Amino acid sequence: MSKPILLVIMDGVGFSKTGIGDAVTMANTPNLDHFLKTYPNCRLKAHGPAVGLPSDDDMGNSEVGHNALGCGQIYSQGAKLVNESISSGKIYQSEAWKEEVENVKSHDSTLHFLGLLSDGNVHSNISHLIAMIKEAKAEGVKKVRVHVLLDGRDVPATSALIYVDQLETVLKELNDASFDARIASGGGRMKITMDRYQANWKMVEDGWHTHVMGDGRMFETTTAAVETFRNEIAGIIDQDLPAFVIAENGQPVGKIVDGDSVILFNFRGDRAIEISMAFDMKDFDKFDRVVYPNVCYAGLLQYDGDLKLPARFLVNPPEIKNTLTELLVKANINEFAISETQKYGHVTYFWNGNKSGKFSEELETYMEIPSDNVSFDQRPWMKCAEITDEVIKAMESDKYQFIRLNYPNGDMVGHTGDLDATICSMEALDLCLERLWKVAKAKGYTMLVTADHGNADEMLEKNKKGELQVRTAHSLNPVPFIIVDDEIKVEMKEGNFGLANVAPTVAKLFGLEAPECWEEAVIK
C-alpha cells in the first residue's frame, strides 16, 4: 500500500451544461476552483446506464451513485429492475404478488397501492403503478385504492396534477360494474410518509393517520386538494403539500382495514423503510399506530436485506458482490466512514452494496452526525463543519488508511429550490475542503474529490413557455473526480468514465489488484 486516501463525496454537485441556476459556479469556491485548475481530474457520468438505470434520460441518485462508487461495477438498479420484471411478467409470478391478490379475492377486500406519484425514476415510476393496477383487474381484483405521495423534487416543482390527471384517466377507463379504483389519500413527500434514516418519525405517523385511518382534511378529489392548498399557501411546491383524504358523503373512500392488501410501489429503499416498519413489525414502537390492521403488506423491492424488510417483496434487488470495502478488508486496511444523518446510510449501507452490517468490526469505523430537523434552506451549511472536525481527528489519529465522507449540502439544500441558500451551502462546503486539504497534506493523504450526481448545478429550468422556473430535481450533468496530491503524479486516461470507475482507481492508488468484474481505473 502507498499513501492513505481521503475520499470526499460532495453530494449533488455537478458541472452545469446550461448555466441556468448553477449554484456551484455562482458560489465563491476558491478551493474547489483551485483543485480543478491544478490537479488531475476528469468528469464522470452519474446517471442513466452508467449507474444501472434504463436510459440517459434517467437521473442518478444518491443510492445508485454510492452503490457504483463503492462496488466498482454497474448493476441493474431500481427502475430498470422493475421494468425488466414487468416486461417479462416475472413480477406477477412472484409469491408476494400472488399472496397480495389471493388475499384480496379471498376476503373480498381492497388492494391498496401507496407510493410516490411521478415518473422521476428515482423513487418510483407511475408506469409501474398503472401496470400493476391493470394486472390486478385482469386477475379479478374488484376494488383498488391508491394513496399518492406528490413529488415536485425529482420532477418539476409544481407538476403534481400532470400525474394525478394521468392516473385518474387510467382509472376512469378501467372502472366498470366489476371494478372500482380511486385515489384515497395523499400529501407532499416531504410532509408525510417518506422520511428516511429515522430523522423525523412524525412524518411517518402523519402518513399512517392519513393513509390507514383516513384521518385528515377531506376533499372530493385530489385536484381539489392540490388547488386549494396552492391557493391557501403562497409559493408552496408539491413536495410540501399538506396531507389530504378523499371522502364521499363525509367518509374516507379508502381506509386500510383488516383483510386488505397493501403494496408500496416505490423501488428505492431509503424513504420506504420506515413506513414498511410500521406495516410489517408487530412490536413496532416508534409511534402509537392507534389501529394496526391485519393486512397483507409487500414492497416493490425488499428495502433492507439484512432486516428482511419487508418480508414480502415483488422484485428481487441486485445482489451486489465484490465491493471496495471487501477488497480493503482483505488487504487489512482500516476504514473510517462518516456523514450526517441525511447521507449516513449512503457511505455505509449503499456504499457496501446494500449491506447494513460491517464486513469487519475491527477494520471499519462508522460515525453519524445527527442532522438538524429543519428545512435545509434555513441552515444551508448543515453539518459540514462537524463532519470536517471528525475527519480531521480521524486523519490525525494515524489509525485509518481509507477515509470516506459525504457532504450532503449540494443535494439536500438544492432540493429546497432556494438558489441563494444553495450558493451558501456550496461556500460552506468549500471552506471545509480547505480545512481538509491542509490536514491531508500534513498527514500524507491523497485527497480524492467527487460527487454522486448533480443537483446544485441546475437550480432553474425553462418550462414549455420558455419561462424560468425553480428546479428541485437532480440533474443529468457529469460530476468531478479530482486527484489532489502535490507528491504523486498521475496521468488521467482518455475515456467515457462513470462513478463505477472510482473504486478501481482507489485500488490502483493503493497498489491492490481489483476484481476482474470491476470497471477500469481512470489513471494510467
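If you're wondering where the values come from, they're calculated on a predicted model, not measured in any experiment.
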Report the C-alpha distance between His415 and His474 in whole Å, list the side-chain angles of each, state the deciding distance to 0.1 Å, and finish with yes or no for ring-ring contact (aromatic ring centres under 6.0 Å, His included).
CA-CA 8 Å; His415 277 312; His474 296 168; 4.8 Å; yes

Test side chain to side chain donor-acceptor pair (under 3.5 Å) on Asn103 and Ser109 and set out the steps.
CA-CA 8 Å; Asn103 177 67; Ser109 58; 4.6 Å; no

Is there a side chain to side chain contact (heavy atoms under 4.5 Å, CB included) between Val148 and Phe113 once you walk through the steps?
CA-CA 8 Å; Val148 298; Phe113 290 95; over 6 Å; no

Evaluate side chain to side chain contact (heavy atoms under 4.5 Å, CB included) for Asn67 paired with Trp351, printing each intermediate quantity in order.
CA-CA 5 Å; Asn67 276 169; Trp351 178 273; over 6 Å; no

Between Asn501 and Glu520, is a side chain to side chain contact (heavy atoms under 4.5 Å, CB included) present by the stated rule, with each step listed?
CA-CA 6 Å; Asn501 297 93; Glu520 63 177 310; 3.8 Å; yes

Please test Met412 against Lys343 for side chain to side chain contact (heavy atoms under 4.5 Å, CB included), starting from the C-alpha separation and ending with a verdict.
CA-CA 9 Å; Met412 300 310 298; Lys343 299 292 179 176; 3.8 Å; yes

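The aromatic ring centres of Phe313 and Tyr297 sit 6.0 Å or more apart.
In terms of modelled atom types and a separation under 3.5 Å, the side chain of Ser85 and the main chain of Leu81 share no donor-acceptor contact. Side chain of Asp260 to main chain of Val257: a donor-acceptor pair is present (N/O by atom type, distance under 3.5 Å, no hydrogens or angles). Side-chain atoms of Thr422 come within 3.5 Å of backbone atoms of Asp418 as a donor-acceptor pair (strictly under, hydrogens ignored). With hydrogens and angles disregarded, a donor-acceptor distance shorter than 3.5 Å links the side chain of Ser371 to the backbone of Thr341. Panel note: side chain Asn266, backbone Leu116; a donor-acceptor pair is recorded below 3.5 Å. Of the possible polar contacts, one joining the Asp238 side chain to the Ala160 backbone as a donor-acceptor pair under 3.5 Å is found. The main-chain N or O of Asn322 is found under 3.5 Å from a side-chain atom of Gln73 such that the two form a donor-acceptor pair. Panel note: side chain Asp411, backbone Pro408; no donor-acceptor pair is recorded below 3.5 Å. Side-chain atoms of Asp457 never come within 3.5 Å of backbone atoms of Asp22 as a donor-acceptor pair (strictly under, hydrogens ignored). Between the side chain of Thr169 and the backbone N or O of Asp165 there is at least one donor-acceptor pair closer than 3.5 Å.
His47 is not listed as a side-chain neighbour of Asp58, based on a closest heavy-atom distance of 4.5 Å or more. In this structure the side chain of Asn354 reaches within 4.5 angstrom of the side chain of Ile320, judged on heavy atoms. In this structure, the side chains of Trp97 and Arg312 stay at 4.5 Å or more apart for every pair of heavy atoms. Inter-residue side-chain proximity for Pro293 and Val212 is flagged as met; some heavy-atom pair is nearer than 4.5 Å. You'll find the side chain of Tyr407 stays beyond 4.5 Å of the side chain of Met382, heavy atoms only. Contact of the Val226 side chain with the Leu150 side chain is registered, since non-hydrogen atoms from C-beta on lie closer than 4.5 Å. No side-chain heavy atom of Phe481 sits under 4.5 Å from any side-chain heavy atom of Asn41. Residues Met426 and Asn409 form no side-chain contact, since every pair of their non-hydrogen atoms from C-beta on lies 4.5 Å or further apart.
Closest of all the heavy-atom pairs between Ala337 and Thr348 is CB-CG2, 4.5 Å. Across all non-hydrogen atoms, the minimal contact from Phe244 to Ala225 is CG-CB, 3.6 Å. The minimum heavy-atom distance between His112 and Gly254, with the atom names listed, is CE1-O, 3.6 Å. Shown here for Ala79 and Asn121, the closest heavy-atom pair between the two residues is CB-OD1, 3.5 Å. Considering all non-hydrogen atoms of both residues, Ala298 and Ala96 come closest at CB-CB, 4.5 Å. Closest heavy-atom contact between Phe279 and Tyr292: O-OH, 2.8 Å.
Atom CG of Leu468 and atom CD of Glu461 lie 9.5 Å apart (nearest 0.5 Å). The distance from atom CG of Leu264 to atom CE of Met194, rounded to the nearest 0.5 Å, is 8.5 Å. Within the model, atoms CG of Leu300 and CZ of Phe267 stand 8.0 Å from one another, a figure rounded to the nearest 0.5 Å. The OG atom of Ser127 sits 6.0 Å away from the CG atom of Asn83 when rounded to the nearest 0.5 Å. Here Glu274 contributes atom CD and Asn200 contributes atom CG; the two are 8.5 Å apart, rounded to the nearest 0.5 Å. For the atom pair CZ (Phe219) and OG1 (Thr221), the distance works out to 9.0 Å, reported to the nearest 0.5 Å.
Remark: Lys17 NZ is packed, more than 12 non-hydrogen atoms of other residues, nucleotides or ligands lying under 6.0 Å away. Counting non-hydrogen atoms of other residues, nucleotides and ligands closer than 6.0 Å to NZ of Lys98 gives a total above 12. Counting non-hydrogen atoms of neighbouring residues, nucleotides and ligands closer than 6.0 angstrom, the NZ atom of Lys493 exceeds 12 such neighbours. Around the CD atom of Gln469, the shell of radius 6.0 Å holds more than 12 heavy atoms that belong to other residues, nucleotides or ligands.
The side chain to side chain contact (heavy atoms under 4.5 Å, CB included) with Val347 is formed by just one residue from the set Leu405, Asn406, Leu69; it is Asn406.
Glu335 and Arg404 are joined by a salt bridge, as a carboxylate oxygen and a charged side-chain nitrogen come within less than 4.0 angstrom of each other. Between Glu364 and Lys358 there is no salt bridge, since none of the side-chain N atoms of the basic residue sits less than 4.0 Å from a carboxylate O of the acidic one. Between Lys462 and Glu467 there is no salt bridge, since no side-chain N of the basic residue sits under 4.0 Å from a carboxylate O of the acidic one.
Note on residues 72-87: no pairs pass salt bridge (Lys or Arg N to Asp or Glu O under 4.0 Å), not counting sequence neighbours. The side-chain hydrogen bond (donor to acceptor under 3.5 Å, both in side chains) contacts involving residues 171-187 comprise Lys137-Asp176, Arg145-Asp180, His147-Ser185, Asp176-Ser178, Asp180-Arg182, Arg182-Glu248, Ser185-His211, where partners must be two or more places apart or lie in separate chains.
There is a side-chain donor-acceptor pair under 3.5 Å between Ser62 and Asp11. Counted by atom type alone, Arg153 and His123 present zero donor-acceptor pairs between their side chains at under 3.5 Å. Using modelled atom types, one finds no donor on one side chain facing an acceptor on the other under 3.5 Å when comparing Tyr163 with Asp151. Side-chain N/O atoms of Asn477 and Glu458 include a donor and acceptor closer than 3.5 Å.
Phe284 does not carry Arg289 over the face of its six-membered ring by the limits of under 6.0 Å from the centre and within 45° of the normal. Remark: Lys45 fails to qualify as a cation-pi partner of Phe497 under the 6.0 Å distance and 45° angle criteria applied to the six-membered ring.
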